[in-house]
Structures are given as C-alpha cells and as structure tokens.
Amino acid sequence: MDPVKQVSSTATLVLAGASYVGGWKEPELPGYRVINRGAGGEETHQVLARFERDVIAAKPQAVLIWGHINNVHRAPPGGIEAAKEKAKADYREMVRLGRENGIEVILATEVTVSEAVGLANRLVAFINNLRGKQNYNAWVNEHVRDVNAWLRTYAREQRLRLWDFEKVFDDGEGFRKLEYSSEDGTHISADGYAALTNYARAQIRQ
C-alpha cells in the first residue's frame, strides 16, 4: 500500500522549495503536521544544499519537493538547457536523500506564470503577439512545462506520488489563471493557495 495513504494523525510533512512554498505557510492537510521550509529566491541546488538541515533533521514521514521556476528565470543567455538539466539532477538527488533516510517523497509540478498582469503588461503582450514574438512569460512557461513533463515521467518511473500543481493553475492556454496571481504578477494569490490546499487535501484522501 502507498505509504502516503496510510499516514498517522501525527505524521509530519515538510514542504521544501522556494518562495511559492514559503507563501503557502502551513496549510491544514488531513493526517499531517506541516512544516514549511520554503525560502524565497532559491533555485533547486539551494534547496538541495539545505535538504539535510531543513528536511532530514526534522525526521518527517514525508516531504513535498516543489519548485524550479527560479532555475528558468536565472538561466544565462544560451544556458536554459543546462539549467533545466541541473534542476533535474537536483530533484534526483533530493529523491535519493529522502529515500535513503526513510522519507516518503512527493514531487510537485511547478506552476506557470500568467500571460500578463496589469494593463501595461497586457498591451506589451498584445503587441508582441501581433508581431509573432514570444513574450518573456510564454518563454518561461515553455521551459517550466518542459521540466514538469520530465517530473511526471520520472515520478511514474520511480513510483513516486506527484501533485500536479501546474494543472490546478492552468488557464487552458498554458498560462496561470489570473485570479491565482498576486497583483504584481510574481507570486501566488490567496485564491491560488486555497486552490492548492483543496487539491492537496483531495490527493491525500485518494
């Protein structure tokens, strides 16, 4: 039986990732005491660097590993493919460490960004579309989704549980639903986190 499905009332779940994780605080999830270890601005290698201190040391029953969007944002010119491969390697190493320490690993797909938040950004996106030019958010989402596709395959091959956050936030056009973005467009809104909590609860109860 899947160990995630037989958690006790005292099981601990660590949330590991960057600012999206941090903003989720400590959601009420059935069967878990949640510890949030999200740190703003981090890439996957930085989450990995503190994995022993922030995850293993807590001796949790499970860990949710979520987030690679900063790897994409910070990829140097011409370096996006290397950045994605590094993210994959970091995920694999965190999975290895979790398993090695008897921790059930849950992976999450990354959420995309909205097409354009605010009138000025919408105008720029409209002009770019008329010119046949891909805007920056679309470029980010293309590479976020690429790693997400790999995560789905990897989780299936490794028999890991995966929470598909991208699909929760998808507007049907490959972007994040506007209501799930903060006013500045960079973070997740309260409605977005509520949607994630509801989704996670449903996944745990399956």
Side-chain angles (χ1 to χ4, degrees), residues 15-24 37-51 64-97 105-118 120-158 160 162-178 180-182 184-188 192 196:
L15 308 180
S19 58
Y20 286 172
V21 168
W24 203 10
R37 289 293 182 262
E42 290 195 345
E43 298 177 42
T44 53
H45 72 90
Q46 293 168 300
V47 180
L48 170 60
R50 58 186 176 83
F51 196 84
L64 174 71
I65 304 171
W66 168 24
H68 54 265
I69 198 165
N70 288 328
N71 296 62
V72 174
H73 278 305
R74 295 181 186 159
I80 185 60
E81 294 304 321
K84 290 189 292 186
E85 290 306 311
K86 183 66 171 67
K88 295 173 188 178
D90 293 336
Y91 277 125
R92 285 192 290 262
E93 181 63 8
M94 284 187 276
V95 168
R96 184 191 70 79
L97 288 170
V105 177
I106 308 169
L107 296 175
T109 55
E110 181 62 285
V111 298
T112 54
V113 292
S114 297
E115 183 173 16
V117 178
N121 289 332
R122 287 179 181 277
L123 180 59
V124 170
F126 176 73
I127 293 171
N128 284 339
N129 287 336
L130 289 179
R131 293 174 175 173
K133 180 180 178 182
Q134 184 184 45
N135 66 45
Y136 177 71
N137 287 2
W139 180 87
V140 168
N141 287 346
E142 175 187 339
H143 297 294
V144 163
R145 289 196 305 270
D146 187 30
V147 179
N148 283 348
W150 173 84
L151 278 170
R152 294 183 186 102
T153 299
Y154 177 69
R156 186 168 57 251
E157 291 173 348
Q158 296 295 316
L160 296 170
L162 180 132
W163 292 357
D164 209 339
F165 289 168
E166 180 198 337
K167 291 185 177 179
V168 177
F169 276 37
D170 184 56
D171 68 354
E173 300 292 336
F175 291 91
R176 184 195 306 180
K177 295 176 181 177
L178 283 176
Y180 291 166
S181 282
S182 58
D184 65 2
T186 60
H187 289 96
I188 296 172
L196 288 184

What's the shortest heavy-atom distance between V113 and N141, and which atoms? N-OD1, 2.8 Å
Begin with the C-alpha distance, continue with both residues' side-chain angles, and end with the deciding distance and a verdict on side-chain contact (heavy atoms from CB on, under 4.5 Å) for R37 and V21. CA-CA 7 Å; R37 289 293 182 262; V21 168; over 6 Å; no
Could you tell me the separation between the OG1 atom of T112 and the CG atom of N148, rounded to the nearest 0.5 Å? 8.5 Å
Say you draw a straight line from CG of N71 to CD of E42; how long is it, rounded to the nearest 0.5 Å? 11.0 Å
Quick one: list whatever passes side chain to side chain contact (heavy atoms under 4.5 Å, CB included) with E81, sequence neighbours left out. K84, H143
Here the gap from H68 atom NE2 to H45 atom NE2, rounded to the nearest 0.5 Å, amounts to 14.5 Å
Does a sphere of radius 6.0 Å around CD in Q158 hold more than 12 heavy atoms from other residues, nucleotides or ligands, not counting ones at 6.0 Å or beyond? yes
With D170, which residues qualify under side chain to side chain contact (heavy atoms under 4.5 Å, CB included), at least two apart? none
Looking at OG of S181 and NE2 of H187, how far apart are the two atoms once the value is rounded to the nearest 0.5 Å? 10.5 Å
Let's go through K167 and T109 carefully: what are the C-alpha distance in whole Å and the side-chain angles of both, what is the deciding distance for side-chain contact (heavy atoms from CB on, under 4.5 Å) to 0.1 Å, and is it a yes or a no? CA-CA 9 Å; K167 291 185 177 179; T109 55; over 6 Å; no
For G41 against A18, the heavy-atom pair lying closest together: N-CB, 4.5 Å
For E85, give me all partners under salt bridge (charged side-chain N to carboxylate O under 4.0 Å, His left out), at least two apart in sequence or on another chain. K88
Within-4.5 Å side-chain heavy-atom neighbours: Y154 and L107: yes
To the nearest 0.5 angstrom, please state how far the CG atom of D164 sits from the CD atom of E110. 11.5 Å
Where does the angle between the aromatic ring planes of W66 and Y20 fall among parallel (under 30°), tilted (30 to 60°) and perpendicular (over 60°)? tilted
List the steps, then state whether side-chain contact (heavy atoms from CB on, under 4.5 Å) holds for I65 with F51. CA-CA 10 Å; I65 304 171; F51 196 84; 4.1 Å; yes
Tell me whether N70 contacts the main-chain N or O of T44 through its side chain, where contact means a donor paired with an acceptor under 3.5 Å. no
Take R176 and I188 through the side-chain contact (heavy atoms from CB on, under 4.5 Å) test and state the conclusion after the steps. CA-CA 10 Å; R176 184 195 306 180; I188 296 172; 3.9 Å; yes
Could you tell me if the side chain of D90 sits less than 4.5 Å from the side chain of V47, heavy atoms only? no
Tell me whether E43 is salt-bridged to K86, with the criterion being a basic N under 4.0 Å from an acidic carboxylate O. no
If I compare all heavy atoms of L64 with all of W163, which pair ends up nearest, and what's the gap? CD1-CE3, 3.9 Å
